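Report on the following structure.
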Amino acid sequence: NCSVSGEHPRRVNINPDQDALVGFEVLCAVAEKIAYVGPVWCYRGSACDGSSWSYSVLSVAYTDGSEPVQYTDAAADPAWSPDGRLIAVAGAGGDVFVLNTASALLTALTQHPARDWAPAWSPDGGRIAFASERDGRAELYLMNADGSSPVRVTDGAGFTGSPAWSPDGSRILFDCTIESGNADICAVNVDGSGLERLISEPAQDRHPAWSPDGRKIAFDTERYATGTSEIAILNLDGTGVYRIAPGIAGEAPAWSPDGSRIAFTGWEPCDNGFFFDCPFISLINSDGSGLLVGAIPLAGDPAWRPRTP
């Protein structure tokens, strides 16, 4: 992902009695990667026939879909650690796992009879927020990054999932249902105080994602009467809502580390014998320009790898 400035090729005049200094500039783009889950054919040597699809394989690829690396199946809700080495996922059996991308080692963080899902790393990497039904209904929990000391944060707040940390680590966004049948977005302090319903629109609003600068929230919504979810952005106080790709179906938005782009999941009819639609990841600049539909095929639940030194 690098280019050299100047003409190609370049003519250089050489004097045998003098050194020749040739100046040029090398510009390299950041090679960003996205973790995602999606269907994979012939996963890890399975018989390559019409029934050999694995439907929820965790993979990592460049943003153009190139060089995908497949890690494990039965995965959902991938979330990178801030140092870009680990991925937390909801896995088989209803527990939360952490994957070391270097060794491909998968370690269980929760081992509870109830369902645990939707992990999200704190900005300092010390804790993980997650959803759990271990107290009889879905609630927001925190645990240390090694799985120890789980504590409940919400209590009857209508929590339904999708926790997302603020960049400063003080608050957590989540899906909530305060009124029956109306999916909204709420926020709470990490100690359980300061519960706030950010959106009360009579429509389905889900999957909040805090912008890296802490000023905006991306989410998916059905408020535009198009018959499907679209990606929208709002201010922290719930005002200024606008959609960034009018008429383009999408859900589960994820900001790039620098906040310049948003990845999201779309769906299309499958042409491979599936009885359901196939997911794909699209990319768009956060100002609504540069839409690239289907950048990564057969992929959903995008999570950008953090930029690290």
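Fair warning: this is a prediction, and the values are worked out from it, not measured in the lab.
Checked by atom type and distance alone, the side chain of D301 never pairs as donor or acceptor with a backbone atom of Y36 at under 3.5 Å. Judged by distance alone, with hydrogens and angles left aside, the side-chain atoms of T154 form a donor-acceptor pair with the main-chain N or O of L140 at under 3.5 Å. Distance alone, capped at 3.5 Å, places no donor-acceptor pair between the T221 side chain and the E230 backbone. Judged by distance alone, with hydrogens and angles left aside, the side-chain atoms of D213 form a donor-acceptor pair with the main-chain N or O of R215 at under 3.5 Å. Panel note: side chain S103, backbone L105; a donor-acceptor pair is recorded below 3.5 Å. Remark: side-chain polar atoms of T110 are paired, donor with acceptor, to backbone N or O of V96 under 3.5 angstrom. Checked by atom type and distance alone, the side chain of E32 never pairs as donor or acceptor with a backbone atom of Y62 at under 3.5 Å. Side-chain atoms of N144 never come within 3.5 Å of backbone atoms of G147 as a donor-acceptor pair (strictly under, hydrogens ignored). A donor-acceptor distance shorter than 3.5 angstrom exists from the side chain of N100 to the backbone of A102, with no hydrogens or angles considered.
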Evaluate salt bridge (Lys or Arg N to Asp or Glu O under 4.0 Å) for R261 paired with D287, printing each intermediate quantity in order.
CA-CA 8 Å; R261 293 195 290 174; D287 63 2; over 6 Å; no
Check against side chain to side chain contact (heavy atoms under 4.5 Å, CB included), L58 and D73:
CA-CA 6 Å; L58 172 66; D73 59 357; over 6 Å; no
Side chain to side chain contact (heavy atoms under 4.5 Å, CB included) for V153 and V188? Distances and angles first, verdict last.
CA-CA 8 Å; V153 177; V188 69; 4.1 Å; yes
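Between T265 and P279, the shortest heavy-atom distance links the atoms CG2-CB, 4.2 Å. Taking all atoms of both residues into account, the shortest heavy-atom contact from P306 to P257 is CA-CG, 4.2 Å.
With values rounded to the nearest 0.5 angstrom, T160 atom OG1 is found 8.0 Å from R206 atom CZ. With rounding to the nearest 0.5 Å, the separation of OG in S229 from CZ in R243 is 12.5 Å. Here the CD1 atom belonging to I231 is positioned 13.0 Å from the OG atom belonging to S286, to the nearest 0.5 angstrom. Between I284 atom CD1 and L291 atom CG the span is 4.5 Å, to the nearest 0.5 Å. Once rounded to the nearest 0.5 Å, the distance linking CG of D277 with CD of E268 reads 8.0 Å.
Grouped with L173 in one hydrophobic cluster are I185, L198, I199, W210, I217, F219, Y224, L234, L236, V241, the linkage being side-chain heavy-atom contacts under 4.5 Å among Ile, Leu, Val, Met, Phe, Trp and Tyr residues.
Partners of V60 according to the side chain to side chain contact (heavy atoms under 4.5 Å, CB included) rule, which considers only residues two or more places apart in sequence or in another chain, are K33, A35, Y71, W80, I87. In this structure E196 satisfies the side chain to side chain donor-acceptor pair (under 3.5 Å) test together with R171, sequence neighbours excluded. Considering only residues two or more places apart in sequence or on other chains, T228 meets the side chain to side chain contact (heavy atoms under 4.5 Å, CB included) condition with T226, A249. Residues satisfying the ring-ring contact (aromatic ring centres under 6.0 Å, His included) criterion with F280, sequence neighbours excluded, are absent altogether. Residues satisfying the side chain to side chain contact (heavy atoms under 4.5 Å, CB included) test with A263, not counting sequence neighbours, are I34, I281, L283, P302, W304. N235 pairs by the side chain to side chain donor-acceptor pair (under 3.5 Å) definition with K216, T239, not counting sequence neighbours. In this structure P212 satisfies the side chain to side chain contact (heavy atoms under 4.5 Å, CB included) test together with W255, sequence neighbours excluded. By the side chain to side chain donor-acceptor pair (under 3.5 Å) test, Q70 is found to be paired with no residue, residues two or more places apart in sequence or in another chain being considered. With sequence neighbours left out, the side chain to side chain donor-acceptor pair (under 3.5 Å) criterion links D124 to S122.
For residues 95-115, there are no salt bridge (Lys or Arg N to Asp or Glu O under 4.0 Å) pairs, not counting sequence neighbours. Under the ring-ring contact (aromatic ring centres under 6.0 Å, His included) criterion, the residue pairs touching residues 141-170 are F130-Y141, F159-F174, with sequence neighbours excluded.
In this structure, the side chains of P269 and C278 stay at 4.5 Å or more apart for every pair of heavy atoms. Counting heavy atoms from C-beta on, the side chains of E133 and D116 never come closer than 4.5 Å. Counting heavy atoms from C-beta outward, I244 and I233 have side chains that approach closer than 4.5 Å.
Checked for salt-bridge contact, D184 and R197 meet the test: a charged N lies under 4.0 Å from a carboxylate O.
Counting heavy atoms of neighbouring residues, nucleotides and ligands inside a 6.0 Å radius, atom CZ of R152 exceeds 12 of them.
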